[in-house]
Amino acid sequence: MRMSKMFSKTLREAPSAADSKGYEMLLRAGFIRQMGAGIFTLLPLGYRTNSKIENIIREEMDQIGGQEILMPVVNPADIWKETGRYYSIDKEMSRFNDRANRDMVLAMTHEEDATAIARNEIGSYKKLPQLVYQIQTKWRDDARPRAGLIRVREFTMKDSYSFDRTVEGLNEQYKNHYASYFRIFSKAGLPVIVVGADSGMMGGKVSHEYMYLSPIGEDTIITCDKCGYTSNRQVAVFQKKYFKEEEKPIEKIKTPDCKTIEELCTFLNVEKRQTAKAVFMVGTFIDDKTGEEEEKLITAIIRGDLDVEENKLQKVAKANSLRPAHEEEILAANMVPGYGSAINCDPKTIVIVDDSVKKSNNLVAGANEKGYHLLNTNFGRDYTGKVADIASAKDGYTCQCGHTLKENRGIEVGNIFQLGTRYSEAMNCYFTDEDGKNKPVIMGSYGIGVGRFLACLAEEYTDEKGLSLPISVAPYQVHLINLIKDKALSEKIYEDLSNAGVEVLFDDRKESPGVKFTDADLIGIPIRITLGNRSVKEGKAEVKFRKNLDNNQLFDLDTLTSKILESIKTLKQELEQGIVNKELEI
RNA sequence: CGGAUAGUAGCGCAGAGGCUAGCGCACUUGCUUCGGGAGCAAGAUGUCGGAGGUUCAAGUCCUCUCUAUCCGACCA
């Protein structure tokens with residue numbers, strides 16, 4: 001490609017919206033442009049990198065037996081009504097009516113499509129197992145897109161769907177993806193860790209997320225250096241300390257101006273762990289069949305030294321969504337904000353109690369009366385509710401192995417879910433087994449956000465001068481900079497390299513050397529050839545690697561092409577050495 | 001969806017009632033230059049986000065609206 005003919009341009013200054021280094025460089029180097037909130041165009045350079053990422057994914061998916069298909073973005077709403085997600089998913093899914101006034105949706109994922117196809121194609125156990133995948137556009141009307149390509153509304157996703165006869169078969173496909181994803185990310189040079197995760201709206205059981213660790217990430221990851229435990233905070237577990245003593249009789253005491261746990265502890269001179277706090281949320285419950293919504297008050301009781309993990313709470317309560325309760329709603333259920341507890345509350349309230357409270361006793365709790373608390377409250381004796389772990393894991397907490405947990409920020413670039421029969425049963429996707437019986441197909445779904453992958457690579461491979469993507473995903477392999485008058489020579493070198501199959505970005509512009517060098521730094525093609533008077537006179541060209549600009553090598557012009565081919569090979573080999581082969585142990 | 005901020009040239013920004021709206025970079029042409037964002041000269045570029053209003057006069061003040069960004073809620 002000749003830079004004199006290139007569609008995009010580079011920017012000297014970063015657009016003001018660029019708030020991360022990677023995003024800034026993607027904009028400045030001319031990889032991407034924004035069209036609207038969470039909507040982007042990939043320019044030629046960005047699209048080439050995007051395609052390379054996609055091809056790495058294809059290679060690996062084919063390797064584990066995937067067959068590529070393409071499902072539609074526009075879906076009839078009917079299939080989404082079958083699984084109930086038409087009702088349970090809120091505004092994030094865009095809906096519209098076609099000219100015949102049929103309900104339509106823009107697919108935000110393709111479990112429904114995949115199942116709808118599979119139920120017609122798969123009738124017999126002889127057809128199983130199957131694995132299909134696609135690389136396709138998704139639209140999710142996120143309320144708050146941010147950080148460039150990290151969190152967008154329209155994006156490309158690789159999604160695969162497995163269909164199996166048995167749970168063992170599903171495990172096999174799941175393990176294949178688990179290992180395959182590590183190879184995919186490492187082939188592109190992106191370091192990731194895998195964490196145990198919540199399956200969210202997918203509704204499955206087992207699930208893992210692939211995380212690129214970065215301070216700009218929106219997920220919090222809890223890890224243990226000793227036993228290797230890694231988990232998204234949403235589901236992370238930890239060791240709680242319990243303090244059991246002899247039960248004492250309940251006692252009401254005056255506690256003026258003690259609305260927070262801190263104030264209460266100071267006033268009574270007790271530790272936080274000797275208190276029980278009440279957190280009031282309102283859960284929305286949606287009927288999958290009818291789409292009817294119902295709101296219920298949820299009272300979460302947790303020990304004062306811990307915080308509620310809302311995601312855990314939502315799951316235990318089986319709510320579709322949660323929001324903080326309003327004061328009136330709490331009062332209506334016979335509880336008093338600031339002095340709340342589940343004691344003598346409205347029986348319609350869903351009470352969920354963290355196991356820390358059950359296993360401790362004589363806790364100070366609200367008396368549901370302004371200015372009063374109760375000493376020595378005990379779960380089981382004074383109130384009841386559903387017991388579960390709803391506590392949020394934090395930095396410094398104790399891992400179940402006894403070591404200290406750490407927290408980090410991460411960006412989710414991939415996820416794998418064991419769906420089981422949730423979709424096949426809801427959508428009547430059954431096969432006839434060897435024994436003549438009809439059984440639901442067992443499914444899994446697996447995703448990689450391609451654009452987010454690109455954004456993470458940009459974060460990882462950026463220095464103060466620009467991008468420096470690995471050779472497997474860089475838009476071109478070689479950047480040829482011509483600084484000499486002799487056009488014939490540079491043209492010949494460009495031709496030779498191209499004919500040898502090298503992907504060359506050729507700077508043939510009438511620009512000053514400084515402009516050419518800065519643009520080359522910015523775009524960050526891995527290998528740079530400079531043709532300048534100094535070296536050409538000696539029959540040589542200068543060659544530098546973008547990742548180490550201080551190291552300048554001189555290659556003979558006669559053998560330049562073959563030497564460059566070697567350099568490409570070397571860079572590829574270095575990357576291959578970094579390929580992660582990791583198996584899931586179930 | 002709540003809170004905050006901002007919309008003026010391709011990008012970054014100035015102009016805060018006054019007459020023809022400006023600066024840097026980018027862009028065009030010419031000459032010179034040619035190893036780390038060159039110099040000189042000449043030029044082109046705007047419905048000042050949109051609608052309505054106040055005023056002799058609005059980029060500037062008011063109202064509404066749209067859009068974007070950030071924080072939060074939310075999110076695979």
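Labels below follow one simple rule: chain letters A, B, ... track the order of the sequence lines, proteins then strands, and each chain is numbered from 1.
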Please check the phosphate of B/G12 (OP1 and OP2 only) for any side-chain N or O of A/Ser16 closer than 4.0 Å. yes
Below the 4.0 Å mark, does B/A76 have OP1 or OP2 next to a side-chain nitrogen or oxygen of A/Gln234?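 Result: no.
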B/A26 glycosidic torsion: syn (within 90° of 0) vs anti: anti
My understanding is that only residues two or more places apart in sequence, or in another chain, count here; which of them pass side chain to side chain contact (heavy atoms under 4.5 Å, CB included) with [X]?
X	answer
A/Ile261	A/Cys265, A/Lys272, A/Thr275, A/Lys277
A/Phe96	A/Val74, A/Met104, A/Leu106
A/Val132	A/Ile69, A/Tyr161, A/Phe163

Distance between the [atom1] atoms of [N] and [M], in whole angstroms?
N	M	atom1	result
B/G22	B/U60	C1'	15 Å
B/G52	B/A58	C1'	13 Å
B/G59	B/G46	C1'	11 Å
B/U8	B/C23	C1'	12 Å

Using the rule side-chain hydrogen bond (donor to acceptor under 3.5 Å, both in side chains), only one of A/Glu60, A/Lys158, A/Lys582 pairs with A/Tyr181; which is it? A/Lys158
Using a distance-only criterion (donor-acceptor N/O pair, under 3.5 Å, no hydrogens), is the base of B/A73 paired with the side chain of A/Arg323? no
Take nucleotides 24-42 of chain B nucleotide by nucleotide from the 5' end and write B, S or -, depending on whether a protein heavy atom sits under 4.0 Å from the base, only from the sugar-phosphate, or from neither. BSS-------BBBBS----
Pick from A/Arg233, A/Lys394, A/Lys312: which one makes a salt bridge (charged side-chain N to carboxylate O under 4.0 Å, His left out) with A/Asp307? A/Lys394
With heavy atoms under 4.0 Å as the rule, sort [X] into base, sugar-phosphate or nothing.
X	value
A/Ala143	base
A/Phe155	base
A/Ala147	sugar-phosphate

Tell me every residue that passes salt bridge (charged side-chain N to carboxylate O under 4.0 Å, His left out) with A/Asp219, counting only those two or more places apart in sequence or in another chain.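 Salt bridge (charged side-chain N to carboxylate O under 4.0 Å, His left out) list for A/Asp219, sorted by chain: empty.
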Just jot down the salt bridge (charged side-chain N to carboxylate O under 4.0 Å, His left out) partners of A/Arg2, sequence neighbours excluded, or say none. A/Glu491, A/Asp508
Within residues 31-44 of chain A or reaching into it, pairs that qualify as salt bridge (Lys or Arg N to Asp or Glu O under 4.0 Å) - sequence neighbours excluded: none
Determine which pairs satisfy salt bridge (Lys or Arg N to Asp or Glu O under 4.0 Å) with at least one residue from residues 452-469 of chain A, sequence neighbours left out, and list them in order.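 Listed once each, the pairs are A/Asp463-A/Arg546.
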Writing each nucleotide of RNA chain B 5' to 3' as (, ), [, ], | or . by Watson-Crick or G-U pairing under 3.5 Å yields ((((((((.[[[[.)..(...]]]].((((((.....)))))).....[[[[[..)....]]]]])))))))....
With A/Gln553, which residues qualify under side chain to side chain donor-acceptor pair (under 3.5 Å), at least two apart? none
Considering only side-chain heavy atoms of A/Pro15, which listed nucleotide, B/A76, B/C11, B/U69, is closest?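 Side chain of A/Pro15 sits closest to B/C11.
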All N/O contacts under 3.5 Å from nucleotides 2-4 of chain B to the protein, with atom names and distances to one decimal?
none

Could you pull out all residues at least two apart from A/His208 that satisfy ring pair (Phe, Tyr, Trp, His ring centres under 6.0 Å)?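 Per chain and number, A/His208 pairs via ring pair (Phe, Tyr, Trp, His ring centres under 6.0 Å) with A/Tyr174, A/Tyr178.
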Between A/Gly36 and A/Asp142, just flag the one whose closest nucleotide in RNA chain B comes earlier from the 5' side.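 Its nucleotide being nearer the 5' end, the pick is A/Gly36.
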